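The next block holds one structure in the form of structure tokens; read it before the comments.
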Amino acid sequence: MTRPLHPTALVTGGNRGIGLAICKALVARGCRVTLGARDEERGRRAAAEAGCAYARLDLADPDTCFDAVVQAGGFDILVNNAGVLNEVSLLSPKSDFAEAMEVMVQAPLDLIRLNLPHWRETGWGRIVNLSSGLGAHAEGLGGRALTGWPRRR
Ligand SMILES: NC(=O)c1ccc[n+]([C@@H]2O[C@H](COP(=O)([O-])OP(=O)(O)OC[C@H]3O[C@@H](n4cnc5c(N)ncnc54)[C@H](OP(=O)(O)O)[C@@H]3O)[C@@H](O)[C@H]2O)c1
């Protein structure tokens, strides 16, 4: 049960932001990284920039999660990075709460389950779940999630 010399890694939402930075950092540490992104053109461009492989991964589409994990035979490291930022208050009927649950709760759990056979077989694995203070209730339910964001110009 030792860490593989060059672990494989899947990073969701890897085409920009923190996800792209994680891909680059894992590549620099000798990991064989697959950058998951829902838009193929942007995903492939980012993967070329980061020096890693690409897999089409739309977390609102469970089939793409299945295909990405099964085709690779599982990943040693799973980084659940992708997130959506609601601009509408959770209290509004127009809130995209369902999408947020799909992308940030259901899909990460699906990916963990899909990877389980690989981790059981190899005896080594890591799950990294990115979270946010905005999703924490420890300091009371408030902030932008409830008030919504100012309109972008
Ligand atoms: N930035 C911060 O200050 C901060 C603070 C605390 C926590 N975090 C957390 O860190 C993570 C990354 O943050 P970030 O600032 O880098 O976010 P970001 O720049 O908004 O990027 C979000 C990523 O998630 C992807 N994504 C959204 N919905 C998806 C879906 N259905 N399927 C696949 N990918 C999807 C986006 O893809 P598209 O490009 O296709 O939209 C994008 O690649 C998030 O989980 C966030 O909650 C960030």
Side-chain angles (χ1 to χ4, degrees), residues 7-29 31-116 118-119 125-153:
T8 57
L10 174 67
V11 181
T12 71
N15 56 295
R16 62 184 164 104
I18 294 171
L20 180 55
I22 291 172
C23 288
K24 290 177 180 175
L26 289 175
V27 167
R29 282 161 181 75
C31 295
R32 291 171 288 153
V33 178
T34 297
L35 181 155
R38 56 183 163 177
D39 182 278
E40 183 155 1
E41 195 186 325
R42 283 185 282 139
R44 286 196 185 282
R45 201 180 319 129
E49 180 186 328
C52 56
Y54 165 75
R56 180 157 184 277
L57 198 59
D58 181 347
L59 300 181
D61 177 356
D63 285 350
T64 66
C65 296
F66 181 86
D67 289 347
V69 177
V70 169
Q71 277 170 22
F75 294 92
D76 299 320
I77 301 170
L78 169 65
V79 183
N80 285 314
N81 162 77
V84 287
L85 190 61
N86 291 336
E87 297 193 2
V88 178
S89 164
L90 283 175
L91 301 180
S92 162
K94 291 181 181 163
S95 157
D96 44 4
F97 177 78
E99 185 194 1
M101 286 293 121
E102 218 169 354
V103 172
M104 299 193 285
V105 179
Q106 186 61 56
L109 181 58
D110 287 347
L111 287 170
I112 288 168
R113 287 175 173 155
L114 286 164
N115 263 287
L116 267 181
H118 176 72
W119 291 324
R126 292 291 182 273
I127 303 167
V128 181
N129 293 319
L130 271 85
S131 185
S132 167
L134 286 174
H137 296 180
E139 292 165 18
L141 188 58
R144 286 285 164 86
L146 285 187
T147 62
W149 269 255
R151 283 215 167 278
R152 286 194 190 121
R153 292 183 190 282

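Remember, predicted model here, so these are calculated numbers, not experimental data. When a ligand or atom number is given, it counts from 1 through the structure's own listing order.
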Contact check, side chains of Asp110 and Leu59, non-hydrogen atoms, under 4.5 Å: no
Return all side-chain donor-acceptor pairs below 3.5 angstrom for residues 76-85, not counting sequence neighbours, or 'none' if the list is empty.
residue: Asp76; atom: OD1; partner: His118; partner atom: NE2; Å: 2.8
residue: Asp76; atom: OD2; partner: Thr8; partner atom: N; Å: 2.8
residue: Asp76; atom: OD2; partner: Thr8; partner atom: OG1; Å: 3.3
residue: Asn80; atom: ND2; partner: Asn129; partner atom: OD1; Å: 2.8
residue: Asn81; atom: ND2; partner: Thr12; partner atom: O; Å: 3.0
residue: Asn81; atom: ND2; partner: Gly13; partner atom: O; Å: 3.1

Residue that, paired with Cys52, satisfies side-chain contact (heavy atoms from CB on, under 4.5 Å) out of Val11, Val27, Leu26: Val27
Residues in the immediate environment of ligand 1 (any heavy atom closer than 4.0 angstrom): Gly13, Asn15, Arg16, Gly17, Ile18, Arg38, Arg42, Leu57, Asp58, Leu59, Ala60, Asn81, Ala82, Gly83, Val84, Val103, Leu130, Ser131, Ser132
Pairwise side-chain contact, Leu114 with Phe75, heavy-atom cut-off 4.5 Å (strictly under): no
Salt bridge Arg45-Glu49, side-chain N to carboxylate O under 4.0 Å: no
Ile22 vs Val128 side-chain heavy atoms within contact, under 4.5 Å: no
